[in-house]
Amino acid sequence: MRRRAGAGGSLVTADRERVALACFAAVAVLAGGNAVGIRFSNRELDPLWGAGLRFSLAAAVLATVAAVLRQPLPRGRALTGALLYGALNFGAAFALSYYALVRVHAGLGQTLLALVPLATLLLAVAQRQERLRATAVVGTLLALAGIAVISQASLRASVPPLSLLAAVGSALCFAQAAVLVRRFPRVHPVTMNAVGMTAGAALLVGGSLLAGEAIALPTRAATWAAVGYLVMVGSVLVFVLYVVVLRYWTASRAAYVFVLIPLVTVALSVWLDDERLGAGLLLGGLLVLGGVYVGALRPTRLPSAERHRS
């Protein structure tokens, strides 16, 4: 059966949308276990070393896959983009995330990472990739109120303020990485993450050495299980799928996945890590998620002419 030429563009767009949506859903579910895995890793391994080990192994796996697929290494601006993406998305973001999750439960940490879509939108506006909407301002205020509630509850639970700031800083790094990657030429998702994770792992291991952390392999079965999940599922599979989403969706839309991940993470953390669903986390988390929905996720009506152009 032949497709009409006039409908070819819309059919291709629909196919890409289905691929992006399937990858988006997979990332939301699979990444839900990452913060719990990091908590288990941090119980035996120092944070920067644990993150560096994870991404060193993941980079080796992805480099092997790239070689099998005969994917060339990026050059010029494409290589610069992959390295900067890796420095932000894996080096800086996970240095802060691993540090935060030493003292912050996985559910709370992942709830704060739900700020990524809103932060991505605001950074994209600041860097003239997208336009600012009034709903983004309202969403920002709601999300900040949620962080304030979570902070007060966490302080009563003896969670260090620096750990909370590190979690928020991690969200900002993820957001900036998503905005930045769209300024550079496209790179195959496997190669992009192989190069990016190599750069991030180098920064993390270097930071670990400078901080005087213990460099040692895990000895506990639970730690190996956590590292195995973080490498094969939480790094290799999740981030390849996320880059696929970024190829077809805007940065702020792709970042919506960070709103769904906490739902999986909280359930796993209550089950595996004895996290308590206190009133502060519930109320603050709802405010954060509500702010992200209003500011970045809530559908907006476009003028008919603009809809046809998109």
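The structure presented is a predicted model; accordingly, all values stated were derived computationally and were not measured.
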Tell me the closest heavy-atom pair linking A216 and L45, and the distance in Å. O-CD2, 3.6 Å

Measure from the side-chain N and O atoms of N89 to the backbone N and O of A177, and report whether any donor-acceptor pair falls under 3.5 Å. no

Locate the shortest heavy-atom distance separating P47 from N42; write the atom from each residue and the value. CA-OD1, 3.7 Å

With rounding to the nearest 0.5 angstrom, report the CG to CG distance, L53 to L230. 10.0 Å

Nearest 0.5 angstrom please: R247 CZ to H188 NE2, how far? 7.0 Å

Any non-hydrogen side-chain atom of N34 less than 4.5 Å from a side-chain atom of Y229? yes

Partners passing ring-ring contact (aromatic ring centres under 6.0 Å, His included) against W249 (at least two apart in sequence or in another chain): F24

Treating T120 as the side-chain partner and V116 as the backbone partner, does any N or O pair qualify as donor plus acceptor under 3.5 Å? yes

Under 3.5 Å: donor-acceptor pair, side chain of T223, backbone of T219: no

What distance do T191 atom OG1 and L73 atom CG have between them, rounded to the nearest 0.5 Å? 7.0 Å

Is it the case that one hydrophobic cluster holds both V179 and V181, taking links as side-chain heavy atoms less than 4.5 Å apart, direct or via other members? no

Can you tell me if W224 uses its side chain to pair, donor with acceptor, with the backbone of P218 under 3.5 Å? yes

My understanding is that only residues two or more places apart in sequence, or in another chain, count here; which of them pass ring-ring contact (aromatic ring centres under 6.0 Å, His included) with F174? F94, F258

Heavy atoms only: give me the nearest A59-T198 pair and the separation to one decimal. CB-OG1, 3.5 Å

Apply side-chain contact (heavy atoms from CB on, under 4.5 Å) to R220 and R43, showing your working. CA-CA 10 Å; R220 303 173 188 169; R43 288 171 184 168; 4.2 Å; yes

Does some side-chain heavy atom of V190 sit less than 4.5 Å from a side-chain heavy atom of V236? no

In terms of heavy-atom contacts, I261 and A28 come closest through CG1-O, 3.7 Å

Are the side chains of M197 and F239 in touch, meaning some heavy atoms are under 4.5 Å apart? yes

ILVMFWY network linking V231 to V205, side-chain heavy atoms under 4.5 angstrom: yes

Tell me the closest heavy-atom pair linking I38 and S97, and the distance in Å. CD1-OG, 4.3 Å

Same hydrophobic cluster for I215 and L203, using side-chain heavy-atom links shorter than 4.5 Å among ILVMFWY? no

Treating Ile, Leu, Val, Met, Phe, Trp and Tyr as nodes and any side-chain heavy-atom pair under 4.5 angstrom as an edge, say whether V102 and L210 lie in one connected cluster. no

Roughly how far, to the nearest 0.5 Å, is the CG atom of L204 from the OG atom of S56? 8.0 Å

Decide whether S235 and R54 meet the rule of one side-chain donor and one side-chain acceptor closer than 3.5 Å. yes

Would you indicate whether the side-chain heavy atoms of L57 and V227 approach each other to under 4.5 Å? yes

Residue pair R183 / Q127, side-chain heavy-atom distance below 4.5 Å: yes

Spacing of CZ belonging to R77 relative to CG belonging to L84, to within rounding of 0.5 Å: 10.5 Å

Side chain of D46, backbone of E213: donor and acceptor closer than 3.5 Å? no

For the pair R103 (side chain) and P160 (backbone), establish whether a donor and an acceptor sit closer than 3.5 Å, ignoring hydrogens and angles. no

Which atom of L48 lies closest to which atom of A211, heavy atoms considered: CD1-CB, 4.5 Å

After noting the C-alpha distance and the side-chain angles of F184 and Y85, does the key distance pass the ring pair (Phe, Tyr, Trp, His ring centres under 6.0 Å) rule? CA-CA 10 Å; F184 292 89; Y85 172 75; over 10 Å; no

Check the hydrophobic clustering (I, L, V, M, F, W, Y; side-chain heavy atoms under 4.5 Å; chains of links allowed) and say if V29 and L237 are grouped together. no

Connected to L165, directly or through other members, by ILVMFWY side-chain contacts below 4.5 Å are Y99, L162

What distance do L180 atom CG and C173 atom SG have between them, rounded to the nearest 0.5 Å? 11.5 Å

Side-chain heavy-atom pair V65, Q71 within 4.5 angstrom cut-off: no

